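Chain A is the first sequence line, chain B the second, and so forth, proteins listed ahead of strands; every chain is numbered from 1. This structure is a prediction, so every number in the text was calculated from the model and none was measured.
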Amino acid sequence: MPASRPFHDEIVRLVRRIPRGKVATYGQIAAMLGRPRAARAVGSALRKLGGPLARVVPWHRVLNSAGRISRRDREFMDLQRELLEREGVRMRRGGAVDLERARWNRAAAKRLSTR
DNA sequence: CAAGTGACGTAGA
DNA sequence: GTCTACGCCACTT
């Protein structure tokens with residue numbers, strides 16, 4: 001059995017709240033959890049979603065800071081893009097989502113200040 | 001405990 | 001727009 005992963009669980013709980021048609025970034029999720037520099041960890045956590053969780057967590061609504069799909073595997077990219085478009089999230093030619101328009105919880109995301 | 005590993009982010013070229 | 005180089009951090013080995 002996997003060891004306890006508290007941060008992982010917090011990530012899952014938060015990502016589950018992203019509404020249909022909206023997206024968030026890894027950095028945004030990390031910041032909202034009080035760890036503005038743990039974006040990589042957010043990605044790793046979602047990467048490990050498997051079995052039942054993958055069907056309940058809207059992992060496809062999480063993108064990188066450029067509004068693009070981070071994973072390289074073509075199959076995976078196609079799936080994520082499909083799931084997004086299915087709920088009305090359109091992508092530009094370069095394959096990027098307009099975050100200004102589709103970002104979830106802009107207010108909270110505002111405190112993404114780099115510093 | 002030390003080293004390795006990324007669904008990351010930013011700055012710079 | 002693309003690409004690299006680094007820093008960062010939770011997790012794994």
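Taking CG of A/L14 as the reference point, atom CH2 of A/W104 lies at 4.5 Å (rounded to 0.5 Å). Interatomic distance, CD1 of A/I29 versus CD of A/E10, reported as 12.0 Å (0.5 Å rounding).
Counting any heavy atom pair closer than 4.0 Å across all strands shown, A/Y26 reaches a base atom.
When the P atom of B/dG9 is taken as reference, atom CZ of A/R35 falls 17 Å away, rounded to whole Å. As a whole-Å value, the separation of A/H8 NE2 from B/dA7 C1' is 12 Å.
Of the residues in residues 40-52 of chain A, those placing a heavy atom less than 4.0 Å from an atom of DNA chain C are A/R40, A/A41, A/K48, in numerical order. Non-hydrogen atoms lying under 4.0 Å from DNA chain B are contributed by A/N64, A/S65, A/S70, A/R71, A/F76, all within residues 61-90 of chain A.
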Return a table of donor-acceptor pairs under 3.5 angstrom between the side chains of residues 69-79 of chain A and protein atoms on other chains or two or more places apart.
unit_1: A/S70; atom_1: OG; unit_2: A/N64; atom_2: ND2; d: 3.1
unit_1: A/R71; atom_1: NE; unit_2: A/D73; atom_2: OD1; d: 3.3

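Closest heavy-atom contact between A/R68 and A/A96: CG-CB, 3.6 Å.
Ionic pairing of A/E87 and A/R61 is present here: one or more N-O contacts between side-chain nitrogen and carboxylate oxygen are shorter than 4.0 angstrom.
Here the side chain of A/Q80 pairs a donor or acceptor atom with the backbone of A/H60 at under 3.5 angstrom. Between the side chain of A/R40 and the main chain of A/A38, no donor-acceptor pair closer than 3.5 Å is present.
Within the 4.5 Å cutoff, the side chain of A/L53 has no heavy atoms near those of the A/W59 side chain.
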